[in-house]
**Student:** 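Below: one structure in structure tokens.
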Amino acid sequence: MNHYAITMPQLSDTMTEGVLVTWEKQAGDKVERGDIVATVETDKAIMDVEVFKAGYLAGPLAEIGATVPVSGALGYITDTAGDVAIAAGEVVAEQAQTEMIPHHAGTPIVMPQLSDTMHEGVVVTWEKQPGDVIKRGDIVATVETDKAIMDVEVFQEGFLSGPIADVGSVVEVGHPMGFIVSDASKVNDTGVTLGADHKVSDTHKVAPHAADRPAHIPTPKASPSQISATGNMPPVPRPQGRQASPYARKVAAQLGVNLTGLAGTGPSGVIVAADVARARPSMQQVAHSLPQVDVPGQGRAMSSMEKAVSHAMTASLTLPTFNVTVNINTATLTAAAKAKKVSVTVAIAKACSVAMAKFPRMNWAYQPVDKLVERANHDFGVAVMSNDGGLVVPILHGIEKRSTDALQSDWTGLVERARVRKLAPSEYANPTFTISNMGMLGVSHFTAIPTPGISAILAISANGPQGTPFTITGDHRVLNGADVALYLVALKQTIEAPEAWLNAEGGAVAASVTAPATTSAPAVSPIPEGAAPIPEGNWDFPVVIIGGGPGGEDCARDLADHGIKVMMVNNEPFPGGECLWRGCIPSKAWRAAADVIRNRPHDAEMGVDGTNTPKLNWAQAEKHRRWVQSSRGEMALKADKGMKIDVREGYGEFVDAHTLKITPVEGEPYQLTFGAAVIATGAPAFVPPIPGARENLATGGVVTSDTIWNLANPPKKLGIVGGGVIGVEMAQIFRDFGTEVLMLERHDRILAEIEEEIGKVLIASLEKEITVVTGADIKEASGKPGAMKLRYANKEGVESTFDCDIVLMATGKRPDTGKLNLDKAGVELDGAAIKVNTRGQTSAPHIYAVGDVIGGYMLAHTAATQGRVAADNLLGHASEYDQDKDCGVTFSRPQAGFVGLSVAQAKAKGIDAVEAKMPMSIDAKAMITGETEGMIKLVADKATGRIIGVHYLADHTDTLIGIGVMMVAGEMTLTQVAKAIFPHPTQTELFGELARRLLNRLRRTAKK
Ligand SMILES: Cc1cc2nc3c(=O)[nH]c(=O)nc-3n(C[C@H](O)[C@H](O)[C@H](O)COP(=O)(O)OP(=O)(O)OC[C@H]3O[C@@H](n4cnc5c(N)ncnc54)[C@H](O)[C@@H]3O)c2cc1C
């Protein structure tokens, strides 16, 4: 018995791994030499995997979407029929040679399968003619599926070659419509076409040139989503006296198929998974199994779309349905929607979702046999009339978590595409609830028919004397009458009192204040009724702010901008906080000097000599840094005062819930009263109790990020304790300044907070220039400035001492609220940080806290955003901080950066996320400038195509990240980014490329 591994082929110098996009064969299938068994996405394109070994495909097969390293096994070929998986530990004889097509003989352009229900398509137009040059991504034709007219995109370069299918001809899924040949001389442009009535089998009657005949024409098969056996369901028992593959038995268990009496098409009649899938009746079969009535007359064939509707409607006869109607007054919602500039359709869809939060069952579905699919995602189909009179049902995705503004923006595009029936499959497949508004056409009452896959459809009729009839037709296997009645009552309340949920999102109805971008997307909870944002009273100040860093200052400015009398107390002479005086700004001034030093040696590669021996002028670098800081500090103070913020220097602490005591630098402490307060006091560097660490802070032998700014000269040798972002930034800066650096980290990995793959690559790069010891047990920091000893034991317990000039404790930051007397104001802590809700409200509802003092991402823009969110709420405008849209840059070389979520973070939140990545080494601009280290990753929600994360390891991440921020904050979809025009040659082109790549993969995966 021999087994051979099908391995991930290497297709370019830069390719180290690939993503499995589809399996073209299933475990147990017979495989011939030259068969395409799978498609994989490399760092350049999606390619087919062709095998050169005959046998049977066997698992374990790599999962679709899995990243497999070059030469890693994707699956196996075995010479034994009936084996669907080789056993663990079985010997693999050798690698089965794999190769990528394009076939040299020519490749078929096949009718794509664009939905589960699609079996065939009609050729509507040819966008290219035989002989035309074809580029990757070209649209060569359009086809009409059962749902819409779609583009046929090709992913191979070459020349279009005949025979091509006639316009108007019906081609079955997976069968050729035309061909691509690599050489102009091989083009068949004799004008031979496939006739309008020809189906698949007829295709072969019109033989292409022998040389161009494709080596392999994929045949349609049951989609893996139908026959993939997931979950832990035990397989059904073997049928008596028959053989069935273990996989087939598992699939049978999942689909509820009885194997007795089932015909097997595997070797020697073995029942394989495809037989089981076939045994499950399709919608079409159900339709045709019903008694048919003779109808006189000459019938014409239905179009694909007419057929699909006919089958779906007949299949819906299997649904035991009932109707419930409630009359609703829609006048207030209509006016509110108009004021908010959203369509009434979108507002009603949102209302349906809001009401459904309490009645999640409305969103479930019956699944054969005897199962319920409990869905949390509100993806509602809304019926639209297409220009040719047909009915199209585009889907508004993620209604439960998105604002009406965001939904409106989707809806506008969806309606446009629906009218011309040009929707992508993800835009019409698998709604969870459906709405049909025939009221627009003036009908006084109607009911709608739900199709299998949903449990309820809402029919909205025209407004009458008693209001607008809202009728739900429900599937009794999922819902009972009371469920629907209660839901409709809740919907009535939701629609008739829209201010409770529509206003809470912000925008025109709520107030004249526009919510910050970061808070626009999620639905937000309204401010509790009766609780004024700034408590009324005869206060010295309606609002006081404690702390003048990014969090406090942005909050104060927003409030002052709205005419609120604000006092901001800061225990430093100038605003700016840690960011300006001890953090972002000074560290990036050093980084800028270090960048110049680091970049110069590469000038020679560009052909510029004489600049490769840069020398640090410390005094000048420090002068420049201080100039930036003092200029910005003065600018900030001037701006604050100009905006009429009452800025005071001093230390603030609570006396009670409405009184603050201020201790100024000079003069006596005094008290003042306030209506509301915002705590923005930051988090100083934290020094753990390592012997000698805290003691030597006073001498300067040990420094932190608070005190490193007083160095007379860069140290010759620097010991750094802590491998977080601040430690890594400092390590590289001083390395560039010529310092020898040892970094000690207690945990097994440095940069633990950075996305795993980005972190790994960055760490490998860092370890080339600095010594990093992980798993270190730091024993002591002793000595005096210029002669410090850092004693530690490595993972194995071996002790060493590093002699250095100074030790930097980069061991994190921790809020220190001990002297604020929070208990007197009723403000509670969560560990060291102040406990807040997403609006920044503490346990004392009139006191907010923002920035580093509340923990989470300790970043300047995070603090500033939270400051603006607090201001918004104080202004009576509900607003929330959304960490899932936040971002950050590590100013290492190359720079690491994140926006939104990683795949792991998204999955932890239950989002089915996928990513595509591209190495910088394939980007033209990066090659020109010699900045090829790193990668960019795009993370998208598979269900909606929405971009939910962007991750970077690249030079210029600090600029490139702005694009990721706009994509994630703006909830852009892969399609939108794929269509955006990025200038060439710039690294920004990678974003379009990544989006197209991921879309392509998703499209191809969805087709299977
Ligand atoms: C070395 C280093 C590099 C960094 N680099 C970056 C970066 O590149 N990008 C980034 O986004 N972030 C960076 N940060 C983090 C950033 O500095 C902080 O996240 C940000 O400053 C936090 O803002 P904040 O308003 O919460 O607090 P802070 O900026 O700390 O401001 C708090 C202010 O309140 C004052 N204060 C405290 N208690 C009282 C009191 N009781 N009464 C009156 N005043 C009080 C403090 O003196 C201070 O002025 C860096 C930090 C460090 C240490």
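Position 1 is the first residue of the sequence, and the numbers go up from there. We count ligands from 1, going down the list as the structure has it; atoms in each ligand are counted the same way. Since the model is a prediction, treat every value here as computed from it, not as a measurement.
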**Student:** For side-chain hydrogen bond (donor to acceptor under 3.5 Å, both in side chains), just list the numbers for Thr988 and Thr986, CA-CA rounded to whole Å, side-chain angles, deciding distance to a tenth of an Å, and then say yes or no.
**Tutor:** CA-CA 5 Å; Thr988 61; Thr986 66; 2.5 Å; yes
**Student:** Which heavy atom of Leu616 sits nearest a heavy atom of Pro714, and at what distance?
**Tutor:** CD2-CG, 3.8 Å
**Student:** Below 3.5 Å, can you tabulate the donor-acceptor pairs from side chains in residues 548-559 to any protein atom, sequence neighbours excluded?
**Tutor:**
unit_1 : atom_1 : unit_2 : atom_2 : d
Glu553 : OE2    : Arg557 : NH2    : 3.4
Asp554 : OD2    : Arg868 : NH1    : 2.5
Arg557 : NE     : Asp640 : OD1    : 2.7
Arg557 : NH2    : Ala636 : O      : 3.4
Arg557 : NH2    : Asp640 : OD1    : 3.0

**Student:** Relative to Tyr670, does Lys661 satisfy both conditions: NZ or CZ under 6.0 angstrom from the six-membered ring centre, and within 45 degrees of the ring's axis?
**Tutor:** no
**Student:** Just checking, Lys565 and Phe541: is the charged tip under 6.0 Å from the six-membered ring centre and within 45° of the axis?
**Tutor:**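 Pair Lys565/Phe541 counts as cation-pi.
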**Student:** Check whether any side-chain heavy atom of Phe991 lies under 4.5 Å from a side-chain heavy atom of Val950, and answer yes or no.
**Tutor:** yes
**Student:** Please tabulate protein-ligand N/O pairs under 3.5 Å for ligand 1, atom names and distances to 0.1 Å.
**Tutor:**
unit_1   : atom_1 : unit_2 : atom_2 : d
ligand 1 : 5 (N)  : Lys588 : NZ     : 3.2
ligand 1 : 8 (O)  : Lys588 : NZ     : 2.8
ligand 1 : 11 (O) : Ala860 : N      : 2.8
ligand 1 : 11 (O) : His861 : ND1    : 3.4
ligand 1 : 12 (N) : Ala860 : N      : 3.3
ligand 1 : 17 (O) : Glu578 : OE1    : 2.8
ligand 1 : 17 (O) : Cys579 : N      : 3.4
ligand 1 : 19 (O) : Asp852 : OD1    : 3.0
ligand 1 : 19 (O) : Asp852 : OD2    : 3.2
ligand 1 : 19 (O) : Met858 : O      : 3.2
ligand 1 : 19 (O) : Leu859 : N      : 3.2
ligand 1 : 19 (O) : Ala860 : N      : 3.4
ligand 1 : 21 (O) : Cys579 : N      : 3.2
ligand 1 : 25 (O) : Pro550 : N      : 3.3
ligand 1 : 25 (O) : Gly551 : N      : 2.9
ligand 1 : 26 (O) : Asp852 : N      : 2.9
ligand 1 : 29 (O) : Glu578 : N      : 2.9
ligand 1 : 36 (N) : Asn571 : OD1    : 3.3
ligand 1 : 41 (N) : Gly652 : O      : 3.0
ligand 1 : 42 (N) : Gly652 : N      : 2.9
ligand 1 : 44 (N) : Asn571 : N      : 3.1
ligand 1 : 44 (N) : Asn571 : OD1    : 3.4
ligand 1 : 47 (O) : Asn571 : OD1    : 2.5
ligand 1 : 49 (O) : Asn570 : OD1    : 2.9
ligand 1 : 49 (O) : Glu572 : OE1    : 3.2

